[in-house]
Amino acid sequence: MSAEQFIDQGQGSNSARKSVGRVLSVHGSQASIGLRTSGLSEPDELRPTVGKLLGIHTKNTLLVGVITDVSVQTLPIAREQGYHVTADLDLLGEIKGSPTSMARFHRGVTTYPAIGDDASEITARDLRLVYNISGSNTIDIGHLQQDSTIGAYVNIDEMLNKHFAVLGTTGVGKSSGVAVILRKILEARPDLRLFLLDGHNEYGRCFDDHAQILNPGNLKLPFWLFNFEEIIDVIFGGRPGADEEVAILGEVIPLAKGMYQQYRIASERVTVRKNDPASNGFTADTPVPYRVADLISLIDERMGKLENRSSRMIFNKLMSRIETVLNDPRYAFMFENANVGGDTMAEVLGQLFRLPANGKPMTIMQLAGFPAEVVDAVVSVLCRMAFDFGLWSDGAVPLLFVCEEAHRYASADKSVGFGPTRRAISRIAKEGRKYGVFLAVVTQRPAELDPTIISQCSTLFAMRMANDRDQALLRSAVSDVAANLLGFVPTLGTREVFAFGQGVAVPTRLKFSDLPEHQIPRSEAVRHSRAQVGRDVTAGFMDSVIERWRGASMSRKAQAEEWVPRDEPTASEPAPQRELDRFKTAKKPVEAPAEAAVAPRKEPIRPPNSAPADVFAAPRRETFGQAGTAPADVFSSPRKDSFGQVAKWRQR
């Protein structure tokens, strides 16, 4: 049957489809429709205006287009026929039928309209034919803005396999939209692992018990998993490293890794000829364990062989930098117990990427509590490890890597931010799909994001944006014929979005589904409501704030000592709530068990040519031997390489 016959079936007659005008001109993918003035007095939901869909009837098809412009500028001959208003239509596709098959919507146009062809309003049945792509590989993320009874479906395979982006300014419901999309993905793809970089600690409540939440308080990311550029960024606090000191580290880090390998061989009682640490083939980027004690010992040894005092100062400065970072409690997630259990790379990968999932296939990495100087390096490590695990596991475990505030980590300005982080994200965008690593970027400033990354996202969710630069970049990224729809972006309502690209049937204006109140993203960095601000600001409260403020930058030696604020609150004046999630790491550490306690380090670095005391002993509460000897309990737990890929990774 023909498309018109199918569409009219069940609607009574053609009178159910009201004509609103006729085709005046056709050029490329656009058509101009002359509208009768009588149609302009219809109710709002029926009046032809920008954003509405119209149908153009040809012999065997119904062309579907969206109105992008309405004007009173019409040709004189059209006015004589009663057409006083012109509407410009972007043609999206056509509904076709045949005697042997049901009518279906197809993108693109094969039969163009002719002058005088009738144009009519689109019915609910037409909308369902156009937008309803529901099936086993689709997810429903909301409803059409034009008809709330029709669901907004996205092809999940097309969206994931070719990456996607959510763009929109602050306050438009972007985080809620991301939560809706990710919840639907979790339901539809139980085999997929999700890793979300949460820059403001706002997604922790959105996924119930289906997500593991990591933060500086419970994350274990050993320093030896950082590559050379990343560890340099940590040691130098996000600033460019001094060339002489960087060269020294480039020489001694591989040697420290070789020394650790010799400890492991000795602990396993394997009869092997003792090798030179430099002959192990390790580079500064090889992800194998090493000890900071050995690193400082090697630096100290080289310093002792120098006679020039100015040259010795370079080595001394470098050791001071390393010890400063080592003793900073904010970096405990990197250095504390970093070598306990031996080679724990498999366990770290399992924790980060939920292998096995154990009912929680998602990881939320809350970044708000990390030191600002190290956030870029941490994000670089996580992105790089996500890609490398997919690469060396041959894509055995599909992973979606979601990067919130992506413009912070992959800036369009190459002089801004941390280069390795930008390269790691770009590598996922360019090559990740081949190894089962997919990317979702979320940003409020698309113009500040590396355009290479946006260009790799085949599905875009564009929410309200008023900045001209952001709109220009979005327009260049949208290749669809309906790019004119981007003119509506500045006027979108809250939670409204235009979806473009491979994941949707046609460019779609939709509204995200509502979330229950307890699942709406909300920053956990500050829990106080506006009504609480300014209340209960007592002396005890101020002492509490100052104590945590100072504690954030105190060494563990100082924190281990009992320190009491100036004035404790009285019984009649209780201290206010002291829970500030963003600064959990700044709180005084829990007392260590008696058997793990070690006296604080009280001696400076030993003179040259003597082995330095183990720098881990006091600050990190580990019982290590002297540098150059096998550390106690480092190899007490056998290495658990449950994925069979870590050795292959290191030998690349």
Side-chain angles (χ1 to χ4, degrees), residues 1-36 39 48-71 74-75 77-78 81 83 85-133 144 146-147 150 153 155 158 478-485 500-502 504-509:
M1 66 178 67
S2 69
E4 290 191 23
Q5 290 173 331
F6 174 77
I7 294 167
D8 292 337
Q9 185 180 7
Q11 295 184 8
S13 67
N14 278 335
S15 60
R17 180 181 301 284
K18 185 174 181 180
S19 175
V20 296
R22 292 193 178 276
V23 176
L24 300 180
S25 66
V26 180
H27 45 95
S29 61
Q30 292 185 321
S32 293
I33 308 296
L35 301 178
R36 298 185 180 90
T49 184
V50 291
K52 294 294 183 68
L53 296 181
L54 292 181
I56 300 176
H57 299 264
T58 64
K59 184 176 180 181
N60 293 315
T61 62
L62 177 67
L63 298 178
V64 179
V66 59
I67 300 176
T68 59
D69 184 74
V70 178
S71 172
T74 58
L75 298 173
I77 190 172
Q81 300 295 323
Y83 302 112
V85 178
T86 301
D88 291 336
L89 231 63
D90 273 4
L91 301 178
L92 304 177
E94 55 193 11
I95 297 176
K96 280 187 174 182
S98 69
T100 59
S101 63
M102 301 294 286
R104 294 183 181 277
F105 175 78
H106 303 275
R107 294 188 71 163
V109 178
T110 58
T111 305
Y112 283 87
I115 303 298
D117 280 351
D118 186 58
S120 64
E121 62 189 28
I122 288 290
T123 66
R125 191 185 191 95
D126 302 333
L127 286 175
R128 288 190 174 87
L129 280 174
V130 173
Y131 290 106
N132 193 343
I133 58 172
L144 297 185
Q146 191 161 341
D147 189 339
I150 301 176
Y153 292 93
N155 187 308
E158 291 289 341
V478 174
S479 59
D480 201 283
V481 294
N484 289 333
L485 291 173
F500 301 88
Q502 304 279 338
V504 291
V506 293
T508 306
R509 184 174 179 176

Would you indicate whether the side-chain heavy atoms of L127 and V130 approach each other to under 4.5 Å? no
R22: which residues meet the salt bridge (charged side-chain N to carboxylate O under 4.0 Å, His left out) condition with it, sequence neighbours left out? none
State which residues pass side-chain contact (heavy atoms from CB on, under 4.5 Å) with V504; sequence neighbours excluded, sorted by chain then number. V154, A499, T508
Looking at D88, is its backbone amide N or carbonyl O close enough to the side chain of Q30 to form a donor-acceptor pair, meaning the two atoms are under 3.5 Å apart? no
Between the CD1 atom in I95 and the NE2 atom in H106, the distance rounded to the nearest 0.5 Å is 9.5 Å
Measure across I150 and A124 and return the closest heavy-atom pair with its distance rounded to 0.1 Å. CD1-O, 3.9 Å
Quick check for you: to the nearest 0.5 Å, what is the distance between I56 atom CD1 and T58 atom OG1? 9.0 Å
Check T111, T110, N60 against K96 for a side-chain hydrogen bond (donor to acceptor under 3.5 Å, both in side chains) and give me the one that passes. T110
If you define the side chain from C-beta out and look only at heavy atoms, does anything of R509 sit under 4.5 Å from Q146? no
Here the gap from T86 atom OG1 to I67 atom CD1, rounded to the nearest 0.5 Å, amounts to 11.5 Å
Are side-chain heavy atoms of V506 and F105 found at a separation under 4.5 Å? yes
Interatomic distance, E121 atom CD to D126 atom CG [nearest 0.5 angstrom]: 9.5 Å
Given D117, which partner from the list L63, V26, V23 fulfils the side chain to side chain contact (heavy atoms under 4.5 Å, CB included) test? V23
Scanning both residues in full, the closest heavy-atom pair of R107 with A505 reads CD-O, 2.7 Å
Please list, chain by chain and in numerical order, all residues satisfying side-chain hydrogen bond (donor to acceptor under 3.5 Å, both in side chains) with S71, sequence neighbours excluded. none
